[in-house]
Every structure is written in C-alpha cells, then in structure tokens.
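Here's the structure, in structure tokens; my notes come after.
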Number of protein chains: 2
Amino acid sequence: MASRSDTKTRILDAAEKLFAERGFSETSLRLITSKAEVNLASVNYHYGSKKELIRAVLARYLDVFMPSAQRAIADMPKNGQTMDDIFGALVQPLLELNKLRADGTTVFLQLLGRGYIESQGHLRWFITTHYGGHLDFFVKAVASCVPHVPQVDIFWRLHFTLGTVVFTMASADALNEIAAADFDEHNDIEAVIRKVIPYIAAGVSVPAPNAILE
Amino acid sequence: MASRSDTKTRILDAAEKLFAERGFSETSLRLITSKAEVNLASVNYHYGSKKELIRAVLARYLDVFMPSAQRAIADMPKNGQTMDDIFGALVQPLLELNKLRADGTTVFLQLLGRGYIESQGHLRWFITTHYGGHLDFFVKAVASCVPHVPQVDIFWRLHFTLGTVVFTMASADALNEIAAADFDEHNDIEAVIRKVIPYIAAGVSVPAPNAILE
DNA sequence: GTTTAATTTAAACGAGTGTTTTAATCAAAC
DNA sequence: GTTTGATTAAAACACTCGTTTAAATTAAAC
C-alpha cells in the first residue's frame, strides 16, 4: 500500500491546517489536494465526501482531547476547587495537542470554533452525540463547584463560555496581530488561554441576580 | 423612480435576514433577489458588488446603533458606575433596533458576529475605520470603570465579550428551545441579554493576574 | 409628445465547486 | 509471470457562483 507517507493522513494534515485558518466552506478540495500533493479524487475515495472529511479532521483531535480532558478533571482534588482550577485543568490537555502535531492546540480550537459557527448545527450534533458523556461529566464538575448558581444559569453561562472561547480562537490570529501592533504584546496560544480563564471563571461563578432574592 | 417599494431597500431587507441566519458566503445573490422579488442584476446595479452590499447591510444598523449607544453611555452619571451599569446602558439602544425592523436586535447582533468571523479582516477594518470614534468612547468608559485592569487586558476581554454576545445571539433560538425543554424557562431576546450582562461584567472587571504582582 | 436618463429584465459569461467515471498504475499473492 | 485487488490519475460532469452585457421598459424633463 501507500506510495510514500499514507495519502489518507496527508489529506487530513493539509485539510486541518487550511480549515483552521480559512474555514470549511472557504477551503476547496482542490486547494487541499494540491497542498497535500495528492490527486483530487483521492479525497472522495478515502473519505466519501467533503463533509465526512471535515468530521474526520475534527474527530482526530476530539478522540484525543475529550478523554484527556475528562481524566484531568477527574484527577483533581475533590475539595476546595475554584472555577479557575477547573478551567485551568483543561490547559494541559489542550497544550498536549501540540505534541500531536505542530500548532495542534491552535488548530484544534480554531477548528472547534469554525465547526460551531459554520455548518448550521450539523457539527454541533456530531459533537454532542459522539462526546456527550465527556461533556456531561464536565458540566457536573462545574455545577458542584458553584452550588449557589441555579442549573439553568449554569446552562446559559457554559454556552456563553463556549461562545467566548470559540469566537476568540476563530479570530485568534487577527487579535494577536492587533495586540502586537497596538500594545506590543506578542502572545502565543497558551498566553491567550491563560488570559481567558479568569474571564470565564469569573463569569460562570458570579451570583445570579434571580438566585439572590429567591 | 421605484416601481413599488424601493428595489434598493427590498434588497437590503432580504439580504440582512439571510446573511444573519446563514452567513455571508453561504448566501447567494440569487437567493437574496428571489426572496426580495427583484432581478438578479439589480444588486450589482445598485450596490456594485456583493461585498459592498454586505457593508451596506451592516452600515444601516451601525449608523443607528453606534450614536445611540454612545449617547446612552455619555448620559450615565459620572460617579460610581459599575460594569453592570455600563453594559446595562446598551440594552435600550439594542432593543430599540426592534422598532427599526422586526427582530432587529437579533439580526444586528448576528450580522456583527458573522462580520467578525467571516470575511477575513476586511469587515473588521470597515467597522473600526468608520465607527472607531464610537468604539474608542466605549472602551474609555470601560477603562475608567476598571482602572485596576491593564489596557491590553481590557482589549482582550472586550473581544471575549464580543464573542460571548455574538455567539449567544447566533444560537439564541436553539438555546432558548433547550432551556424551555430542559428547565421550563421561556426567554425572549431581552431576557437573554439580561442574563449575559452579569456574566460579561464579572469577566471584564475581575483582577488581572499579571496586574496583581506588577 | 418626444427626448432623455434611470431602471429593470433576460441571457450569457467565465470561473469555481464537489463529485463521478474510466483508465492507468501499483503492490502483493499465487 | 500472471492475476487480483487496492490505489492513483486525468478528465469530464453537472452544478452554482458573482458579474457583465445588451435590449426592453419605465419614469421624468422639456
């Protein structure tokens, strides 16, 4: 099999890079196959369709990240954890994606952002049905950390948080350029992650107005 | 001029709705003109190109919202304002967009989100150059409210906030359905806005880790 | 009422898309 | 060495896209 390095993974490697920086619909199969130096038809041969290629690209990261993230949460000490600690526990699993592939962390978060914003709902469905167990585990950890916040508010705030992360990562490159130009602050992906944690931790754990005068 | 109601605004009305719910690149001129019941070529006749149509759609909202929002901030009492107050001052200008057009608030926020995420940078440039004055005014109001947060962190956190709002509004319908089914909580757009304010206010004003040990 | 300009229309253009087809090529099994 | 099945290759297919053209129509000016 396989002439040089596997055609199938050459496609995945080229696709994830282009998807992350240009979005899914803005990236043509011809651009992917030319970057990967493979034939155009090989995408449909190996993956069936562009939509399934997109899922394969995301799954390759989620299959690594989701169990790793759940383990990190589960291994936390059971008492006295703050929201900063919970979100902070996700940093290591995220950064370890860099060992998987170059710029793995950035690519993964950008892909996640693109996935949630583009592709009206069908990727959201893919993620929640394939990784729902891991997500539930995370939500329970958050809920037990902020018992003063009603369940329904936790629901809303975690979606606020998803929006924060996803939007930031999708435009991380542009924002980093501005930060470098206007504030002479040169951030890598880890610096941005560490900046966002206090923000989302404070938002999730702030007392809910309705809960106070219950 | 104008056979029935102005063709130019018929295009704008149809375009903003479709752009908001499907994104810019996913919305074809043929879909817009068929919904608007005008001829395909009239878009290029009246607006020159699709790109300029997108800008016109956004400008129609921004020209109303930006001055209105600035006035709301300027009219605030000068002392003792919290971050909740500042963001709260934007609620009225946002909701008044509903008088402009049906679902104006939601459409505007969704368009803003699409604009920042899609169209790599050229719409971000359009907004900052045309409405930079209003944005600066708002940033200064925020900065003077949280003097303990460094400027660069305010920059980042306001973009986090943009992501929170924009992402939430883009999926507000789906989230409201889930909230109604899982928690029996039936929200309209204003209720969601009032839920998000404590979240983003807490995130923006939380002490920055670096600033503490400066 | 004729002229003039603005607008609308239908049709085509040229480029780009994902996908399919058919033949060529390759590696291994017998 | 031949056969077999998997992979690669080049080409075409059937669209869709934004844009342009040129004629038809409409509205306003004189």
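For the numbers below, each heavy atom of this structure counts, side chains included, while hydrogens, waters and symmetry mates do not. Treat the numbers as computed from the prediction; the structure is a model and nothing was measured. In what follows, every chain begins at residue 1, and chains take the letters A, B, ... in the order their sequences are listed.
When rounded to the nearest whole Å, the span between CZ of A:Phe19 and P of C:dG18 equals 9 Å. A:Tyr45 has its OH atom 15 Å from the C1' atom of C:dA23, to the nearest Å. When rounded to the nearest whole Å, the span between CG of A:Leu40 and C1' of C:dG16 equals 12 Å. Between B:Glu26 atom CD and D:dT16 atom C1' the separation is 12 Å, expressed in whole Å. At whole-Å resolution of the value, CG in A:Asn44 and P in C:dT17 are 14 Å apart. One interatomic measurement links the two molecules: CZ of B:Arg22 to C1' of D:dT16, which rounds to 13 Å at whole-angstrom precision. At whole-Å resolution of the value, CD1 in B:Ile11 and P in D:dT19 are 13 Å apart. Rounded to an integer number of Å, the gap from A:Ile32 CD1 to C:dT19 C1' is 14 Å.
Heavy atoms of B:Thr27 sit under 4.0 angstrom from primed sugar atoms or phosphate atoms, though from no base atom. In this structure, A:Ser42 reaches neither bases nor backbone, as no heavy-atom distance under 4.0 Å exists between it and the strands shown.
Listed candidates were D:dG18, C:dT7, D:dT8. Nearest to the side chain of B:Ser28 is D:dG18. For B:Arg30, the listed nucleotide lying nearest its side chain is C:dA12; candidates were C:dA12, D:dA12, D:dT7. For B:Thr7, the side-chain atoms get nearest to C:dT8 when compared with the rest of D:dT7, C:dG18, C:dT8. Comparing C:dA6, D:dA10, C:dT9 against the side chain of B:Asn39 picks out C:dT9 as the nearest.
For NZ of A:Lys50, the number of neighbouring non-hydrogen atoms (other residues, nucleotides, ligands) closer than 6.0 Å is greater than 12.
Of the charged side-chain nitrogens involved, none lies within less than 4.0 Å of a carboxylate oxygen, so that B:Arg22 and A:Glu118 do not count as a salt-bridged pair. A salt bridge between B:Asp13 and B:Arg60 is present, with a side-chain N of the basic residue lying under 4.0 Å from a carboxylate O of the acidic one. B:Arg114 has no carboxylate O lying under 4.0 Å from a charged side-chain N of B:Glu26, or vice versa, which leaves the two without a salt bridge.
Closest-nucleotide positions on DNA chain C for A:Leu31 and A:Ala41 were compared, and the one nearer the 5' end corresponds to A:Leu31.
The shortest non-hydrogen separation linking B:Ala56 to B:Tyr47 is CB-CE2, 3.8 Å.
B:His46 places no side-chain N or O within 3.5 Å of a backbone atom of B:Ser42 that could act as its donor or acceptor partner.
Non-hydrogen atoms lying under 4.0 Å from DNA chain D are contributed by nothing in residues 47-61 of chain A.
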Residues 93-104 of chain B side chain polar contacts: donor-acceptor under 3.5 Å, at least two apart:
| from | atom 1 | to | atom 2 | distance (Å) |
| --- | --- | --- | --- | --- |
| B:Asn98 | OD1 | B:Gly104 | N | 3.0 |
| B:Asn98 | OD1 | B:Thr105 | N | 3.1 |
| B:Asn98 | OD1 | B:Thr105 | OG1 | 3.3 |
| B:Asn98 | ND2 | B:Thr105 | OG1 | 3.1 |
| B:Arg101 | NE | B:Glu16 | OE1 | 3.3 |
| B:Arg101 | NE | B:Glu16 | OE2 | 3.2 |
| B:Arg101 | NE | B:Tyr61 | OH | 3.3 |

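The side chain of A:His46 contributes no N or O atom lying less than 4.0 Å from OP1 or OP2 of D:dA6.
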